[in-house]
Amino acid sequence: MFEQVEKNLLKFEKPGRYIGGEIGIPTKDFKNSDVRFAIAYPDVYDIGMSNSGIKIIYDVINKIDFASCERVFNPWTDFNDFLKENNIPLFSLETKTPIKDFDIFGISMQYELLFTNFFNLLDRSLISVYNNQREESDPIIICGGPVTVNPAPLSPFADLIVVGEGEDVVNEIVHVYNKNKHKKRIERIEALSNIEGCYSPFFPEKKVKRAVYHNFTKDTGIDNFVLPFIEIVQNKLVVEIMRGCPNSCRFCQAGTVYKPFREKNASVIMKNIENGINKTGLSEITLSSLSSGDYSHILELSDVVNGEYASKGISVSLPSLKV
């Protein structure tokens, strides 16, 4: 299948979006994993590879011995038309496997304008958009991200919806799926719907509690850094210094979605930075949060980071500041 794509790659804008093979892909047997998970950001590669959530989920799953996670992004219009005209299904970057052949297909929904791209991902993967029309062999379609805190709009389309933060939930999803993978599709979905933070439209009577990642303050960051061949929208080392926000502004969805407010201490943050710089060689560090100026030791942290990295030509940015 990919040979046909390969012959035509130079016809497309930025063919590097579709070839995979980047530095940093984990050295594991993707094709023979007990649980095969495809993770998607429903936009082009350049934007999706800049998203921190995708990087976190990719890292969490690929650290599980019996499971593997591969990436896929929404094709640009030229490549999308080529796939459609030649009846070629959308495929993963790591092994060029059709998305339809995975066990689980997870899509990160960051905002509402991505809904149509989500439908396109399913359509190009030759998977029914409606959850009640899917075949027994189809992967289980899981949606997560800030948008899914209200699962109702996605209920006709997703098999499972993650409400809240995904680090612990996705780890549990992979383990529960592995125990139930020989059961019927609807039975697998039911087993997954029993996980805290997971809602299934097939079992609407089950109550769902928003998932919270309780180990955030001790999390030293991801280990599997994939380095793109082409320029992406934000090619920086993103280090999350706090989650949630102390301001509780009424207009802010994210302030509610990421409750409670949690801070990492400076020593954990410095481990994040050291690990990331050593593995990526990037020249800019972003101290990320909903309002980085409200981190209680932001001045001291900035001094420490600058003292350590300014002489090496590595800069620091604070993306979200309340003036």
Side-chain angles (χ1 to χ4, degrees), residues 5 9 12-22 24-25 37-61 69-84 88-94 96-100 102 104-127 129 139 141-151 153-154 157-158 161-162 165-166 170 222 224-238 240 253-254 257-258 286 288 319-320:
V5 173
L9 274 174
F12 309 123
E13 182 182 329
K14 297 186 181 179
R17 289 167 168 162
Y18 314 111
I19 60 175
E22 304 100 321
I25 293 174
F37 196 117
I39 184 74
Y41 187 91
D43 211 319
V44 290
Y45 177 96
D46 328 23
I47 296 174
M49 282 297 290
S50 303
N51 180 260
S52 295
I54 293 292
K55 296 175 185 177
I56 290 170
I57 299 303
Y58 185 81
D59 183 67
V60 168
I61 298 172
C69 183
E70 303 184 38
R71 296 161 298 140
V72 63
F73 301 99
N74 212 57
W76 190 242
T77 52
D78 54 357
F79 192 64
N80 191 73
D81 291 343
F82 172 80
L83 294 176
K84 192 171 185 177
I88 297 173
L90 196 61
F91 52 84
S92 65
L93 291 177
E94 278 72 7
K96 313 301 184 290
T97 301
I99 301 304
K100 192 176 174 69
F102 281 83
I104 300 172
F105 185 22
I107 302 98
S108 177
M109 304 295 292
Q110 295 294 311
Y111 50 92
E112 289 79 2
L113 289 177
L114 292 176
F115 275 30
T116 51
N117 286 357
F118 162 57
F119 298 144
N120 188 66
L121 279 174
L122 293 176
D123 190 52
R124 291 280 55 76
S125 301
L126 308 183
I127 299 169
V129 168
I141 308 301
I142 302 179
C143 291
V147 166
T148 62
V149 170
N150 174 14
L154 285 167
F157 316 109
I161 297 169
V162 175
E165 296 169 357
V170 75
I222 67 175
N224 294 297
F225 289 94
V226 178
L227 304 179
F229 286 138
I230 65 172
E231 187 174 349
I232 60 174
V233 175
Q234 292 186 1
N235 197 18
K236 306 171 184 178
L237 176 64
V238 177
E240 203 174 0
Q253 182 201 38
V257 170
Y258 295 108
T286 294
S288 173
S320 300

Tell me the closest heavy-atom pair linking V72 and F105, and the distance in Å. CG1-CE1, 3.7 Å
Where P42 and N74 come nearest, the two heavy atoms and their spacing: C-CB, 3.9 Å
Check whether any side-chain heavy atom of F157 sits under 4.5 Å from a side-chain heavy atom of I141, and report yes or no. no
Approximate separation, where rounding is to 0.5 Å, of I142 CD1 and I39 CD1: 9.0 Å
By side chain to side chain donor-acceptor pair (under 3.5 Å), which residues pair with D46, not counting sequence neighbours? K14, R17
Shortest non-hydrogen contact between S125 and K100, atoms and distance: O-CB, 3.6 Å
Taking C-beta and beyond as the side chain, do F12 and W76 meet within less than 4.5 Å on heavy atoms? no
Minimal non-hydrogen separation, P146 against Y258, with atom names: CG-OH, 3.5 Å
Below 4.5 Å, heavy atoms only, C-beta onward: do N150 and Q253 meet side chain to side chain? no
List for me each residue that meets side chain to side chain donor-acceptor pair (under 3.5 Å) alongside Y58, sequence neighbours excluded, and say none if there are none. E94
Mind jotting down which residue pairs meet the salt bridge (Lys or Arg N to Asp or Glu O under 4.0 Å) criterion with at least one end in residues 104-124? Sequence neighbours excluded, please. none
Is the number of heavy atoms from other residues, nucleotides or ligands within 6.0 Å of CD (E13) greater than 12? yes
Results of side chain to side chain donor-acceptor pair (under 3.5 Å) for N117 - residues two or more places apart only: none
So P139 and F37, do their side chains get closer than 4.5 Å, heavy atoms only? no
Which residues pass the side chain to side chain contact (heavy atoms under 4.5 Å, CB included) test with K96, sequence neighbours left out? F2, F91
By side chain to side chain donor-acceptor pair (under 3.5 Å), S108 pairs with (sequence neighbours left out) Q110
Nearest 0.5 angstrom please: E70 CD to I25 CD1, how far? 9.0 Å
Look only at the side chain of T97 and the backbone of S92, and say whether a donor-acceptor pair between them is shorter than 3.5 Å. no
What residues form a side chain to side chain contact (heavy atoms under 4.5 Å, CB included) with P15, not counting sequence neighbours? L9
Working to the nearest 0.5 angstrom, can you tell me the gap between S50 OG and K55 NZ? 6.5 Å
Side chains of N120 and P75: closer than 4.5 Å at any heavy-atom pair? yes
Quick one: CG on L121 to CG on L114, what's the gap to the nearest 0.5 Å? 9.5 Å
List for me each residue that meets side chain to side chain contact (heavy atoms under 4.5 Å, CB included) alongside F229, sequence neighbours excluded, and say none if there are none. I19, E22
Sorted by chain and residue number, the salt bridge (Lys or Arg N to Asp or Glu O under 4.0 Å) partners of K236 (sequence neighbours excluded) come out as E284
On a heavy-atom basis, the closest approach of C143 and A158 is SG-CB, 3.9 Å
Quick one: salt bridge (Lys or Arg N to Asp or Glu O under 4.0 Å) partners of E165, sequence neighbours excluded? R243, R262
Hey, does P228 have a side-chain heavy atom less than 4.5 Å from the side chain of M49? yes
Who passes ring-ring contact (aromatic ring centres under 6.0 Å, His included) against F225, sequence neighbours left out? none
Quick one: sort the F115 and F119 rings into parallel, tilted or perpendicular, breaks at 30° and 60°. perpendicular
Does some side-chain heavy atom of V60 sit less than 4.5 Å from a side-chain heavy atom of I56? yes
Considering residues at least two apart in sequence or located in another chain, which fulfil the ring-ring contact (aromatic ring centres under 6.0 Å, His included) criterion with Y45? F73
Taking all non-hydrogen atoms of both residues, which atom of V226 and which atom of G24 are closest, and how far apart? CG2-O, 4.0 Å
